[in-house]
Protein chains: 2
Amino acid sequence: MNVATEDYLKTIFNLTQQQDRAGTKDIADRLGISQASVTGYLQKLAGSDPPLILYKKRDGASLTEAGTRWALKVIRNHRLIETFLYRTLGYSWDRVHDEACRMEHVISEEFEARIAELLGNPTHDPHGDPIPDRNLHMPDEKALSLAELQPGDVAMIERVSDSDAALLRYLEKNRLVPGKRLTVKERSPFDQNMTLRIHGVRGKVVLGPSVAQQVFVEKEVRHVHTAA
Amino acid sequence: MNVATEDYLKTIFNLTQQQDRAGTKDIADRLGISQASVTGYLQKLAGSDPPLILYKKRDGASLTEAGTRWALKVIRNHRLIETFLYRTLGYSWDRVHDEACRMEHVISEEFEARIAELLGNPTHDPHGDPIPDRNLHMPDEKALSLAELQPGDVAMIERVSDSDAALLRYLEKNRLVPGKRLTVKERSPFDQNMTLRIHGVRGKVVLGPSVAQQVFVEKEVRHVHTAA
DNA sequence: AAAGGAAATTAGGCATCCCTAAGTAGAAAG
DNA sequence: CTTTCTACTTAGGGATGCCTAATTTCCTTT
């Protein structure tokens, strides 16, 4: 019921998916506020009853049970809303994020339940992010970035980073959307540019590392003969 | 983009539908806050650029052009959302108001436009309140309360007050919903209780004045011979 | 070991929007 | 005309959530 708290919890959850603890600076950067503000708020979250985060001075924050549950609730809301906007209201996939960021804090459990049912309890949002289920269970997502693949690798796009609208438009134009299979053709040792073939699409795509890092894939097991 | 401001504007709009100006106390009562807080906020709204209200000390507030436009935008959002929750998501009519009160402040113009289209540009919400159109035009609603009818009068229910969920459940159970026609059979001179026949429904309904005041009707023209 | 730099914290402050308590203005009633 | 009541306003204050500036901690580098 509190926008600021929910934004902090969501951010800490996301950060601790990859690192152990979420640092003050990282949180400040993601929320677009000052480090000092974050320090103050972390102290508050750690001191609430029940505590929502574990916080040790100069050692960042991590979520408690209660904090995790709350974060997952917000993330479920967010991703259900995104799916709903995309599928039911016909939003383009680059416009769902901002709307969901505002709506996620105000919808009731009834709203959540009704859109989940309307959508047939979807498991992934339009960017491929997994949606926690009713009991807030969410499958582990191994985050293998496209940027980590080598020439010859074949992979399927699983999800893409959802918060940069311009990036999403670019990815869509190049057919880099969840579900597509691709083969890595080349990788420049200088600028790390990758040349890809997307299966079922003519032509090739060259991606800089900053883009490739935002696309996450599942690598396919290589067969004896490397793909041509 | 500001919940407090939008709530004030909405409240002043509603109050000035019936009276000339909205008094501090009336606003405070509707918003559930103190009169002192209202005074302070009215001064702020009157001093903003452009001014959203006209405010003279001890003489209440009324909306300016800009204030009216903003209020109508929020009211359009509210009523579209109510209609959407009711029709598309299957909400019961007593649960749509609270959800709409929160969502109305956060949805974008795109959301508004898309649900309006999905619903076929509805002109009335589930309680019968008119929805301002895209250009924020709203038909005048003459507010003839059921409580003002006399025995023998025939009328059609146009709309009902939407903010009291328990009242809405009661009305629905008694089939007192927009579109129904009814005849006033009796009116007790002591307690002002009204006895009604609702057309197409067997039996009679007795309503106290506090309920009858919340139901608004369009009276049908009486014919030569007064109804029995 | 000392210096430099990045990250984090504390101190002090501001805007927003609410509160209670106390005082004022104006209308209705005696 | 004066009292009284109600609506309204002013004064002063509190919680929230952000800010900048200054300081501290700790890690790396030399």
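Numbers restart at 1 for each chain; the letters A, B, ... are given by sequence-line order, proteins then strands.
Ion pairing between A:K219 and A:E148 fails under the 4.0 Å rule for side-chain N and carboxylate O.
Residue A:R30 contributes atom CZ, which lies 17 Å from atom C1' of C:dA7 at whole-angstrom precision. Regarding A:L45, its CG atom lies at a distance of 10 Å from the P atom of D:dC18, rounded to whole Å. In this structure, the CD1 atom of B:I33 is 13 Å from the P atom of D:dC8, given to the nearest Å. Atom CG in B:D26 sits roughly 10 Å away from atom C1' in D:dA7 (whole-Å rounding). In this structure, B:E6 places its CD atom 16 Å from C1' of C:dT16, rounding to the nearest Å. For A:Q35 and D:dT24, the CD to P distance is 17 Å, given to the nearest whole Å. Between B:N2 atom CG and D:dT16 atom C1' the separation is 15 Å, expressed in whole Å. Counting to the nearest Å, the C1' atom of C:dA8 and the OH atom of A:Y55 are 7 Å from each other.
Taking only side-chain nitrogens and oxygens, A:S34 comes nearer than 4.0 Å to OP1 or OP2 of D:dC19. Contact between the side-chain N/O atoms of A:Y8 and the OP1/OP2 oxygens of D:dC18 is found at a separation under 4.0 Å. Within the structure, a side-chain polar atom (N or O) of A:Q43 is placed less than 4.0 Å from OP1 or OP2 of C:dT10. Phosphate proximity of C:dC18 to B:S37: absent, as no side-chain N or O sits under 4.0 Å from OP1 or OP2. For the OP1/OP2 pair of C:dT10 and a distance below 4.0 Å, the side-chain nitrogens and oxygens of A:K57 include at least one atom meeting the criterion.
Residue B:A36 places its side chain closer to D:dT10 than to any other of C:dA7, C:dA25, D:dT10. With D:dT9, C:dA8, C:dC17 as the choices, the nucleotide that has an atom nearest any side-chain atom of B:R58 turns out to be D:dT9. Distances were taken from every side-chain heavy atom of A:T39 (C-beta onward) to each of C:dT9, C:dC17, D:dG17; the shortest belongs to C:dT9.
Residue contacts shown for B:T24 are limited to sugar-phosphate atoms, with no base heavy atom under 4.0 Å away. B:G40 comes within contact range of no nucleotide atom at all, as no heavy-atom separation falls under 4.0 Å.
Partner of B:K73 under the salt bridge (charged side-chain N to carboxylate O under 4.0 Å, His left out) criterion, chosen from B:E104, B:E109, B:E112: B:E109.
A:E218 places no side-chain N or O within 3.5 Å of a backbone atom of A:E158 that could act as its donor or acceptor partner.
Shortest non-hydrogen contact noted between B:M138 and B:P130 is SD-O, 3.5 Å.
Both B:K25 and A:V38 lie near DNA chain D, and the one whose nearest nucleotide falls closer to the 5' end is B:K25.
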Quick one, A:F84 with B:F84, criterion ring-ring contact (aromatic ring centres under 6.0 Å, His included). Give me CA distance, side-chain angles, the key distance, then yes/no. CA-CA 13 Å; A:F84 169 77; B:F84 168 76; 5.8 Å; yes

